[in-house]
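Below is one structure, written out as structure tokens, with a few remarks after it.
Residue numbers start from 1 in every chain, and the chains themselves are labelled A, B, ... in the order their sequence lines are given, proteins ahead of strands. Computed from a predicted structure; not experimentally measured.
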Amino acid sequence: MSIEYVPVSEGEQDEPIELPTEEDGSLLLSTVAAQFAGASGLKYRAGGRLRGLRLVDERLSPPSDGWAAHRYWCAFPRASPEPAPRPRCSDLIVLGLPWKTGEDAVRDYFTGFGELLMVQVKRDAKTGLSKGFGFIKFAEYESQLRALGRRHMIDGRWCDVRIPNGKDGGASAHRKVFVGRCTENLTAEDLREYFGAFGQVTDVFVPRPFRAFSFVTFLDPEVAQSLCGQDHIIKGVSVNISTASPKRERGARGSQLLGWGLVEGGGRVFNWAGDAWPQQAAPAPPLDKPYLKYE
DNA sequence: GTTGAGCGTT
């Protein structure tokens, strides 16, 4: 069989370019792609119907009645409807680890949620004793979602997994709502269950001793924002939902009008970018043994 | 009784 020339166009209506076949009578897909970048195959019309050409090992086979009986145009891959880049995993902080828990136990536990890329338990440099928290990073975002969606019993103690402060680009400010008019019988579990119906809840904070409010953090800021301004009845209690204010901002909530750009606190003035929460500027002296009461 | 605990020697 000798080389022949096959008329190929980009679309059915376009002007064809003649492309050479191989010795075996096939047409290389690379020959097509050299003229029509991104082409993944060829088609033609047979008796009014569209037909596709057989493609094996990058070689296009002629129709049964031969190349010369038709003219051809290119098929292109469907514009990928899902180039949506998945959110990347961030480091996650694990809070409330028992003193005795080391990297191995943390890794063993969280591997149940997916492949881990990193595990750290933070220790005092001098004594080597655990500080009661650590960091993990998952390989897959789905694993991170699963881990953020619940509390964790590790070595006999409940632990929390959070996105570390300052590592979410201020997104937590939009993902968290303030729940006012809480009563003492509303538990964190009640709130998690109730608000979980609106979207994945990543954190519930209920002050102890009792104060008449709580915080609920959602994975999706849209969910959090959609609830703001509403009253909801949970276990017969009418609670009010509003936006959460940055921690350092006490009293003068009017400065929300300034977009949270500049805030006074504790006799100092703090400044931070965009809507990020302020880093702790005057950290309370850390307790020597913050988890002692639980042990 | 309506604004929060703890956050990484790189």
Side-chain angles (χ1 to χ4, degrees), chain A residues 90-99 101 103 106 117-137 148 151-152 154 157-170 172-186 188 191-192 201-218 224 227-232 234 237-256 260 263 265-266 276-295:
Chain A
S90 52
D91 288 6
L92 301 176
I93 187 167
V94 185
L95 293 163
L97 291 171
W99 303 118
T101 299
E103 273 86 357
V106 174
L117 300 179
M118 183 272 289
V119 176
Q120 299 174 348
V121 170
K122 291 302 171 185
R123 297 187 158 81
D124 182 279
K126 288 176 186 153
T127 66
L129 295 175
S130 167
K131 292 184 178 177
F133 68 91
F135 292 87
I136 59 174
K137 186 173 191 175
L148 283 170
R151 301 235 287 158
H152 304 276
I154 303 174
R157 196 172 186 286
W158 284 109
C159 301
D160 294 308
V161 171
R162 314 253 180 92
I163 293 168
N165 288 342
K167 280 272 172 102
D168 64 355
S172 73
H174 302 293
R175 297 192 290 112
K176 187 180 305 200
V177 297
F178 172 83
V179 183
R181 295 199 311 257
C182 291
T183 54
E184 205 155 1
N185 67 317
L186 280 183
L191 296 173
R192 187 178 277 273
V201 172
T202 59
D203 186 56
V204 176
F205 176 79
V206 176
R208 274 181 240 286
F210 171 73
R211 301 218 268 154
F213 64 86
S214 298
F215 287 97
V216 175
T217 307
F218 294 90
L227 293 170
C228 287
Q230 299 180 358
D231 291 317
H232 284 242
I234 309 174
V237 180
S238 173
V239 300
N240 177 261
I241 303 168
S242 56
T243 74
S245 305
K247 230 184 269 185
R248 292 260 137 209
E249 176 69 3
R250 292 285 145 79
R253 305 189 61 205
S255 58
Q256 273 193 63
W260 298 113
V263 164
W277 285 29
Q279 296 302 295
Q280 261 192 324
L287 299 174
D288 282 344
K289 308 209 185 287
Y291 306 115
L292 193 54
K293 60 186 171 185
Y294 297 107
E295 294 278 307

Nucleotide [N], atom [atom2] - distance to [atom1] of [X] in whole Å:
X        : N      : atom1 : atom2 : answer
A:Phe215 : B:dG6  : CZ    : C1'   : 16 Å
A:Asp124 : B:dT9  : CG    : C1'   : 11 Å
A:Trp99  : B:dG6  : CH2   : P     : 14 Å
A:Arg181 : B:dT3  : CZ    : C1'   : 15 Å
A:Phe133 : B:dG6  : CZ    : P     : 11 Å
A:Arg162 : B:dG8  : CZ    : C1'   : 16 Å
A:Arg175 : B:dT3  : CZ    : P     : 22 Å
A:Lys167 : B:dT10 : NZ    : C1'   : 10 Å

What is the nucleic acid contact for A:Pro164, judged by heavy atoms within less than 4.0 Å: base, sugar-phosphate only, or nothing?
base
Using a cut-off of 4.0 Å on non-hydrogen atoms, how would the nucleic acid contact of A:Ala125 be classed: base, sugar-phosphate, or nothing?
nothing
Within less than 4.0 Å of OP1 or OP2 of B:dG6, is there a side-chain N or O belonging to A:Lys122?
no
For A:Arg162, give me all partners under side chain to side chain donor-acceptor pair (under 3.5 Å), at least two apart in sequence or on another chain.
A:Asp203
Assuming nearest nucleotide by heavy-atom distance, tell me which of A:Met118 and A:Phe178 is located more 5' along DNA chain B.
A:Phe178
Aromatic-base stack, A:Phe213 on B:dT2, cutoff 5.5 Å, angle under 30
no
Would A:Phe135 count as stacking on B:dG8 if stacking means ring centres less than 5.5 angstrom apart and planes tilted under 30 degrees?
yes
Do A:Leu227 and A:His232 come close enough that some side-chain heavy atom pair is under 4.5 Å?
yes
Report yes if the side chains of A:His152 and A:Val94 come closer than 4.5 Å at any heavy-atom pair, otherwise no.
no
What's the closest nucleotide to the [X] side chain, out of [options]?
X        : options             : value
A:Asp160 : B:dT2, B:dC7, B:dG6 : B:dG6
A:Asp91  : B:dT2, B:dG8, B:dT3 : B:dG8
A:Arg211 : B:dG8, B:dG6, B:dT3 : B:dT3

Between A:Asp160 and A:Arg151, is there a side-chain N and carboxylate O pair less than 4.0 Å apart?
yes
Taking side-chain contact (heavy atoms from CB on, under 4.5 Å) as the definition, give me every residue that meets it alongside A:Glu184, ordered by chain and number, with sequence neighbours left out.
A:Phe210
